[in-house]
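Everything quoted here is computed from the prediction, not taken from an experiment. Chain letters run A, B, ... following the sequence lines, proteins first, then strands; residues in each count from 1.
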Protein chains: 2
Amino acid sequence: MLERIPAYTDAMLDETGTLSDRVYRHLADRLIAGRFAPGDKLSLRAVSEALGLSIMPVREAVSRLAAEGALEVAPKKAVTVPLMRAAQFRDITQVRIEVEGFAAALACKAATSDSLAGIEAREREFRELSEQAQADLAQAVAANQAFHFAVYRAAGSAELLAIIERLWLRVGPIINLDLRENPERLRLGGAVQAHRACLAAIRENRPDAAREAIASDIGGASAFILSRQRLLD
Amino acid sequence: MLERIPAYTDAMLDETGTLSDRVYRHLADRLIAGRFAPGDKLSLRAVSEALGLSIMPVREAVSRLAAEGALEVAPKKAVTVPLMRAAQFRDITQVRIEVEGFAAALACKAATSDSLAGIEAREREFRELSEQAQADLAQAVAANQAFHFAVYRAAGSAELLAIIERLWLRVGPIINLDLRENPERLRLGGAVQAHRACLAAIRENRPDAAREAIASDIGGASAFILSRQRLLD
DNA sequence: TGCCGCAATCTGTGATCACAGTTAGCTTCC
DNA sequence: GGAAGCTAACTGTGATCACAGATTGCGGCA
């Protein structure tokens with residue numbers, strides 16, 4: 001049974017590409033934004049009905065997401081959002097620190113004035129959101145994502161960006177689950193500080209500092225999530 | 001029209017998992033091993049007929065490979081093995097150096113006596129093959145791949161391994177095309193030397209040296225390929 | 001009242017058909 | 001002899017149907 005039907009009831013905004021592509025982007029966006037929780041079950045038929053299509057495009061989209069590890073599909077069983085073990089989360093965190101840190105370092109050299117302005121704007125938005133007394137968590141998650149991807153896009157490497165998107169597809173559900181249950185963490189300001197340091201490093205063209213700032217951002221959030229013991233093992 | 005039908009005529013060895021999974025592994029293995037050249041066209045129907053199945057499992061497999069960038073599928077046009085521009089190849093090379101270098105560094109700390117023995121065996125096999133007067137190129141490519149993945153597997157990170165496999169899926173066709181047309185490069189021994197240095201670094205637990213060795217191996221091969229100007233742009 | 005087992009309903013998988021857009025080869029005309 | 005245009009065969013896309021295994025909840029038994 002589809003446990004989160006409401007997530008599907010809104011229409012797909014995107015209207016370009018094949019139906020499969022649209023369903024893929026629809027589901028991928030929701031995964032990255034943390035609209036699904038680990039363990040959630042989907043059904044091809046339920047999704048296709050909610051979207052007003054046959055199950056074919058949904059099958060292809062789910063198949064792609066499964067290939068990327070963003071969904072799990074066991075033969076004859078319901079498609080699920082993967083649960084993650086603590087060891088796996090530590091593994092993915094170490095990879096994120098290396099890869100996203102590298103992207104931040106690249107961004108120092110490759111950033112244009114345009115992309116720098118974009119990074120600055122995203123930094124400000126996230127900072128202002130987390131300074132609010134009653135912060136909108138969903139908005140904060142989106143703003144955090146926007147800042148990180150502004151940096152990674154500034155690195156100018158399509159390959160790197162694709163790898164990072166795949167990583168976020170996997171951690172999206174966990175990060176969001178954490179933030180939803182621990183809103184106070186936003187107010188501690190670890191992320192704000194790391195973002196500020198990253199921005200400064202890019203401005204001043206100090207690749208090692210940028211790498212370090214992203215590493216501390218990712219490491220801090222991961223340590224917090226692991227300390228909460230909500231993961232398996 | 002299927003241009004390389006012979007590639008499909010042999011049966012699929014693997015008999016576990018769904019048909020889609022088997023077709024996926026079948027095609028992925030062939031891509032990594034360089035059995036396809038950039039620009040090759042496939043047809044869902046031709047592949048499915050050669051494999052004795054309906055087109056459904058092939059569709060899903062191709063769809064997954066397309067999601068990983070290993071195949072390109074434009075609506076209503078034949079599926080193709082992607083052509084790569086020089087800029088794109090440079091980009092992917094820089095990412096490979098960072099990611100595969102990181103894996104080699106990790107392997108220093110994580111290698112067990114078993115995995116080290118495996119790496120040594122693969123190093124020897126590749127060295128002996130490239131010392132032969134009339135080396136079998138296909139075998140040399142396979143041996144090179146075996147050495148690299150022995151190292152990466154020793155790093156003990158499933159996440160990293162998945163990312164690297166995806167990268168090889170993309171560069172497989174290009175690397176092999178290069179080696180097929182320039183057999184003399186094998187005899188120059190750049191790869192053999194890099195492999196030896198990498199093995200020594202892992203033995204002596206020197207992560208930076210291991211990273212450096214892999215970087216020089218990848219960088220050397222890429223520089224050679226780029227100098228040959230067989231890529232677009 | 002609690003547990004076991006069966007049956008209805010769910011799941012993804014695979015095959016087949018219809019369709020529209022693309023490609024390529026052949027014919028025809030210059 | 002060569003080029004332009006048309007047609008026939010090919011392409012992936014999407015829908016629908018059949019099937020076998022998994023799940024779940026209801027009913028009966030202890």
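- For Val141(B), the side chain to side chain contact (heavy atoms under 4.5 Å, CB included) partners two or more places apart in sequence, or in a different chain, are Asn176(B), Leu179(B).
- Listed pair Ser20(B) / dG14(C) meets the phosphate criterion, a side-chain N or O lying under 4.0 Å from OP1 or OP2.
- Here Val62(A) lies out of heavy-atom contact (under 4.0 Å) with every strand.
- One interatomic measurement links the two molecules: CG of Leu42(B) to P of dC10(D), which rounds to 17 Å at whole-angstrom precision.
- The nearest whole Å value for the distance from the CE atom in Met56(A) to the P atom in dA18(C) is 17 Å.
- Contact check of residues 67-77 of chain B against DNA chain C (heavy atom, cut-off under 4.0 Å) returns Lys76(B), Lys77(B).
- Listed candidates were dG12(C), dG14(C), dG12(D). Nearest to the side chain of Leu44(B) is dG12(D).
- Distances shown here put every side-chain N or O of Ser54(A) at or beyond 4.0 Å from the OP1 or OP2 atom of dG14(D).
- Looking at residues two or more places apart in sequence or on another chain, you find a side chain to side chain contact (heavy atoms under 4.5 Å, CB included) between Thr93(B) and Phe89(B), Ile97(B), Ile218(B), Ser222(B).
- Interface remark: the Arg45(B) side chain does form a donor-acceptor pair with the dG12(D) base, using a distance-only criterion of under 3.5 Å.
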Compile the donor-acceptor pairs under 3.5 Å between side chains in residues 159-174 of chain A and protein atoms, sequence neighbours left out, one pair per line.
residue   : atom : partner   : partner atom : Å
Glu159(A) : OE1  : Arg170(B) : NH1          : 2.8
Glu159(A) : OE2  : Arg170(B) : NH1          : 3.1
Glu159(A) : OE2  : Arg170(B) : NH2          : 3.2
Arg166(A) : NH1  : Glu68(A)  : O            : 3.4
Trp168(A) : NE1  : Glu100(A) : OE1          : 3.4
Trp168(A) : NE1  : Glu100(A) : OE2          : 3.2
Arg170(A) : NE   : Gly69(A)  : O            : 3.3
Arg170(A) : NH1  : Glu159(B) : OE1          : 2.8
Arg170(A) : NH1  : Glu159(B) : OE2          : 3.1
Arg170(A) : NH2  : Glu159(B) : OE2          : 3.2

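- Residues meeting the side chain to side chain contact (heavy atoms under 4.5 Å, CB included) test with Ser227(B), sequence neighbours left out: none.
- If you measure from atom OH of Tyr24(A) to atom P of dG14(D), you get 16 Å, rounded to the nearest angstrom.
- Note: CG (Leu53(A)) to C1' (dA15(D)) measures 11 Å, nearest angstrom.
- In terms of polar N and O atoms assigned as donor or acceptor, the side chain of Arg59(A) comes within less than 3.5 Å of the base of dG14(C) in a complementary pairing.
- Following rounding to the nearest Å, Leu19(A) (CG) and dC19(C) (P) show an atom-to-atom distance of 17 Å.
- You'll find that the side chain of Thr18(A) is closest to dT13(D), out of dA15(C), dT13(D), dA15(D).
- In this structure, Ile55(A) atom CD1 and dG14(C) atom C1' are separated by 11 Å, rounded to whole Å.
- Between the CG atom of Asp40(B) and the P atom of dT11(D) there is a distance of 15 Å, rounded to whole Å.
- Ring geometry for Phe149(B) against Tyr152(B) counts as perpendicular: the plane angle is over 60°, on a 0 to 90° scale with 30° as the lower cut.
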Residues 70-86 of chain B side chain polar contacts: donor-acceptor under 3.5 Å, at least two apart:
residue  : atom : partner   : partner atom : Å
Arg85(B) : NE   : Asp233(B) : OD1          : 3.2
Arg85(B) : NE   : Asp233(B) : OD2          : 3.3
Arg85(B) : NH2  : Asp233(B) : OD1          : 3.2

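- One finds a salt bridge joining Asp21(B) and Arg64(B) here, because a Lys/Arg side-chain nitrogen approaches an Asp/Glu carboxylate oxygen to under 4.0 Å.
- Side-chain proximity of Lys41(B) to the nucleotides dT16(C), dA24(C), dG14(D) is greatest for dA24(C).
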